[in-house]
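Here is how names work: the chains are called A, B, and so on, in the same order as the sequence lines, proteins then strands, and each is numbered from 1.
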Amino acid sequence: MSGHIDTVKQAETTPEAEQPFRELGLRDDEYARIRGILGRRPTSAELAMYSVMWSEHCSYKSSKVHLRQFADVVAKGTAGSDAMLVGIGENAGVVDVGQGWAVTFKVESHNHPSYVEPYQGAATGVGGIVRDIMSMGARPVAVMDQLRFGPADAPDTHRVLPGVVAGVGGYGNCLGLPNIGGEVVFDPSYAGNPLVNALCVGVMRAEDIKLAHASGSGNLVVLFGARTGGDGIGGVSVLASETFDDDKPTKRPSVQVGDPFMEKVLIECCLEVFAADLVVGIQDLGGAGLSCATSELASNGDGGMHVWLDRVPLRDMSLRPEEILMSESQERMCAVVTPDRLDAFLEICARWEVTATVIGEVNDSRRLTVEWHGDLIADVPPRTVAHEGPVYERPMVRPEWQDGLQADDPSRLARPTTTEQLRDTVLRMVAAPNLASKSWVTDQYDRYVLGNTVLAQPEDAGVVRIDPATGLGVALATDGNGRYGKLDPYAGAQLALSEAYRNVAVSGARPLALTDCLNFGSPEDPAVMWQFAEATRGLADACRELGVPVTGGNVSFYNQTGDQAINPTPVVGVLGVIDDVTRRVPMGFAAEGDTVLLLGTTRDELGGSEWAHHVHGHLGGRPPQVDLAAERALAELLVEAAARGLVRAAHDLSDGGLAQGLSEMVLRHDVGVTVTLGEVTGDAFTALFSESAARVVVAVAPERLDDFRAAATAAGIPVTALGRTGGDALVVDGVFRVGVGELRAAHDATLPALFA
Amino acid sequence: MRVGVVTFPGSLDDGDARRALGLAGAEPVALWHGDVRLSAVDAVVLPGGFSYGDYLRCGAIARFAPVMERVIERAREGMPVLGICNGFQILCESHLLPGALVRNDHRKFVCRDQALRVESNTTAWTTAYAEGQEIVIPLKNGEGGFVADDPTLDRLEGEGQVVVRYLGSNPNGSYRDIAGIANEVGNVVGLMPHPEHAVEALTGPSTDGVGFFTSVIAGLVSA
Amino acid sequence: MARVVVDVMLKPEILDPQGQAVATALPKLGFDGIAAVRQGKRFELELDGDVTEERLAQIRNAAETLLSNPVIEDYTVRVEP
Amino acid sequence: MARVVVDVMLKPEILDPQGQAVATALPKLGFDGIAAVRQGKRFELELDGDVTEERLAQIRNAAETLLSNPVIEDYTVRVEP
Ligand SMILES: Nc1ncnc2c1ncn2[C@@H]1O[C@H](COP(=O)(O)OP(=O)(O)O)[C@@H](O)[C@H]1O
Ligand SMILES: [Mg+2]
């Protein structure tokens, strides 16, 4: 133990001591508020706790006022919200999927750490979201990853991408969680600001939901998992160095290193503990470590907790108490256990060789008190730390460039006209980094483990069976298009939701609920704040119309270089339920002689399109029109068609339009197709590359065609006959023919050539 | 027919192996790494995963688990043992099988549907296949390159101990495209690919993996 | 031909799950009295020709940028006798 | 406290993809004149108390059975000054 420990007693007797609150990221008025709450200056431990818990990351101080709209959607009783068992505010939302099963899922960002140390940043991102899911009492069953990088050929992308992918795989594979999908997107706006989001989904019986609540005076708080080291507390060292301690602070790493093996045994340990019903409440340790876990547990429970901080098992004996409170060491969990169950709890931990230590006790003091070798070093009302942080209505201004951007329509761009040019464009587009095969990435992820993966990449949605006895399953898809977001953040967010929703529906699952990760620039920039407000408003409005509530998510601000913010990138993950996974609909053409139909309406919509981006480096105009009523009707049709076995394949159209959609359907099983574009829309180019929303291509077996058409008519969905499957080429009648081999070569070569 | 599946800390495919055995008609028995006795099982599967995180070398620490002492002893007496992926690595570390498995030559984890040729159908785990039969089952590993010195490789080839071989492009730099081998007697088999992930059409690329499990059951029944 | 060895170890404050796994395994196998284990990487570089100060400086540069990640690792460079 | 270092390297005849990758990367980054690179492991063992002959023999045993796989690797054990 080095140096001097700041106690509550000292704080009372030295009210004027200088404190480095600004270095810890607190504003003058925030510091004054803390003094007001406590009626004295905070101790350095208290200052550490408030500063991390009141940070943007933990307190949501800039986003809170906007996120409230999501809760309002639920409060107003959207169709679908009755399926929600646990909503925003808990570690993750929980949805009732029927037959007594509940599913919890959430997407979260680990952007900045992945930029600093790609492998460990991405790995610990997966680790963190998996613990969130465990803290609901669920067994994690699958993960997904949403990755965004600068241009595919930029040097920094080459530094970051291989490490990020290896990290996602290294951690997830070692946990034994199948990776069932995700995204890989390249755009200059992410150069220097890669986005690494990760999603986890877990399953439990509805009655087994656990919450992060510390109730019951006398119950014990047990910390279990890895020992605590100095991980991720580079920032707090100022507490030691600048005021209270003359000793030179030991070096503290700002990077966290993950130990997936420890997390794997932690998962098994938790599952046994849950099965034996040994915990009252449970909480993962993520950002803000013990500060967060103890204050949230206490604040959600009966309101009081005492912690013996010196009992925390350490990896680094030089850690000071305030550092222990803030350490973000990975692979740790906190449980609240009744005294009579403690031995049983510890026995399970011992069997898995997991260190477990009683570090605190629940009481009815309404205070969170922290003791260090007999001295009281913190004494705070827990709600003021965990839930009553500052809330800001940040100024917002619609950027003055927005009008000019929208006016810069892609209609001025040169379009291919000859059949030769169209053919070239198709081949060029399937090879574009954003549209090319992602196998180089996804082949590094285990999609088979656990034996319940029914659909995974490159399918539209990941589908996992959750009950082998009945065939009940869930589907998940995530989407987000930052270019659309930049052109119109309100519509961009709605399009992200529309696409994920449609991807779930094409697989045959009924969309139920969503999670989101809102990746934006600095909230202190009024233009960014406007984008954020527009995106959240768009999302909330769309939730209401589609009848799918937001169950939880994450906000990541400050994704910018200098004053250049990333494209506003709300990533939306939609969860659907499918009662019988054998009815799932895959994306690829699987048989010859099926009729191929286009559902939905194609307009001349190329603003923000992949074509404008890849061929012309252009971003301008308006994104495709949002049509939520059409999306909803289309989804209902697709879910019905799947249940009745009417379609053999279905694939949604998005980036790259019909050309890309058909190419992917052909390449899935090397079954060709011949189509005519005459009835789609005016000219072949628009038909092939427009990105109009609410569109899907289906393949229907001859004997089901009448039934399907009747169902589509009843649903009011426009149907255009495209052609028939078969052969070994993608043939657009009268325009061009591309052999499967040539198409595959173009589609498969891009990523290996860039990153091998 | 009771077939044990050992769970080490970090085992991942133990549940899948039990499921596959059940589908094939055996009674799967969960064994724990700390067990000092093998509760009356007729055969044992060492499943895939990352035992002890694979931090030192794959399988290096698991080999010293208490249960392995009995597994090694019984294997030497002729009990059928199948090591899949991490299990294969453990068998090599235990010297029940020759050679070793090293980092993939491309240095990446690889998960793919792998075409294989069954080279030997005389081991305890492959009698259900025809010699030369081509099958597709998942492959997923980071350290799947089989290596051994030339005399050992020649002996494996000569004695018919190469059980399955990769078809198409070599996925990991394995010497002589070897995907799985057996000991001299044929009761101990190690495989990098995962037959337990190819037992249901719904979740696997095929059901080609079932044969490994029905083989051992048939052998035990007739024994 | 000369040989230069670059040792790369995780910084002491960084978690080392690999070393920890070895440290836990050793006593179980009856090897006692080992207080801690750290596991790192060892690179053996064979040079064409002699080791000059300039080439050593180059190798130090490579150790810093390619062979190690300075955010989490330290390295040492030495010429093997 | 004494420190013993165990170096474990792949045998020369075993393919070393990691060393090879480093060897290919070096010239691309402008580091020339490196004929070959091998990558191995370095274990630093901190002992409670002194290094005796008996303990060194123990550690050699651990290096042979646990820290290395003699089928593919060689090891060296040395006491750090
Ligand atoms: N980082 C990733 N991790 C896992 N799967 C991915 C990743 N990136 C892309 N995929 C998968 O590759 C397929 C194609 O991706 P994408 O073209 O973005 O799909 P969509 O256009 O339907 O959103 C999908 O199945 C997707 O889940
Ligand atoms: Mg899709």
Side-chain angles (χ1 to χ4, degrees), chain C residues 1-12 16 18-52 54-68 73-78 80, chain D residues 1-12 16 18-52 54-68 73-78 80:
Chain C
M1 281 232 311
R3 170 181 290 180
V4 176
V5 172
V6 180
D7 287 323
V8 176
M9 301 297 293
L10 284 170
K11 288 180 195 281
D16 173 14
Q18 310 196 73
Q20 223 166 53
V22 175
T24 328
L26 283 170
K28 289 189 195 163
L29 301 182
F31 303 111
D32 290 321
I34 291 160
V37 181
R38 309 276 299 166
Q39 178 175 339
K41 296 177 199 153
R42 174 186 164 95
F43 297 91
E44 295 181 356
L45 282 60
E46 309 288 342
L47 306 197
D48 301 324
D50 288 341
V51 186
T52 60
E54 194 199 322
R55 310 212 38 205
L56 263 185
Q58 265 209 343
I59 291 174
R60 263 188 220 103
N61 188 349
E64 171 111 21
T65 53
L66 179 72
L67 303 181
S68 78
E73 293 167 324
D74 294 323
Y75 65 89
T76 57
V77 174
R78 82 199 124 80
E80 282 264 291
Chain D
M1 281 230 311
R3 169 180 293 178
V4 176
V5 173
V6 180
D7 287 323
V8 176
M9 300 299 291
L10 284 170
K11 288 183 195 285
D16 172 16
Q18 310 194 88
Q20 226 163 49
V22 174
T24 337
L26 284 170
K28 288 190 198 156
L29 299 178
F31 304 111
D32 290 322
I34 290 160
V37 181
R38 309 278 299 165
Q39 178 175 337
K41 294 175 198 156
R42 174 187 164 94
F43 299 91
E44 295 182 356
L45 281 58
E46 309 286 342
L47 306 197
D48 300 324
D50 288 341
V51 186
T52 59
E54 192 200 323
R55 310 214 35 208
L56 263 186
Q58 264 210 344
I59 290 173
R60 266 190 217 102
N61 187 351
E64 171 110 20
T65 52
L66 179 72
L67 302 181
S68 78
E73 294 166 324
D74 295 320
Y75 66 88
T76 58
V77 175
R78 80 200 125 80
E80 283 263 290

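Contacts with chain D were tallied for C:Leu26, C:Asn61, C:Leu29, C:Val4; C:Asn61 has the most, counting heavy-atom pairs under 4.5 Å. The residue among C:Ala62, C:Ala23, C:Ala2 with the most heavy atom pairs within less than 4.5 Å of chain D is C:Ala62. Highest contact tally toward chain D, considering only C:Gln58, C:Glu46, C:Arg42, C:Glu44, is held by C:Arg42 [criterion: heavy-atom pairs under 4.5 Å]. Note: D:Asp7 leads D:Asp7, D:Val37, D:Val6, D:Leu47 in heavy-atom pairs under 4.5 Å with chain C. For the set C:Gly33, C:Gly30, C:Gly49, the count of heavy-atom pairs under 4.5 angstrom toward chain D peaks at C:Gly33.
Closest heavy-atom contact between C:Leu67 and C:Glu73: O-OE1, 4.4 Å. Counting all heavy atoms, side chain and backbone alike, C:Tyr75 lies closest to C:Val8 at CB-CG2, 4.1 Å.
Under the rule for a side chain to side chain donor-acceptor pair (under 3.5 Å), D:Arg38 has no partner lying at least two apart in sequence or in another chain.
Rounding to the nearest 0.5 Å places CG of C:Asp74 at 9.5 Å from CE of C:Met9.
Proximity to chain D (any heavy atom under 4.5 Å) is restricted, for C:Arg55, to the side chain, taken from C-beta onward.
Side-chain contact between D:Leu66 and D:Phe43: absent, with no pair of heavy atoms (C-beta onward) separated by less than 4.5 Å.
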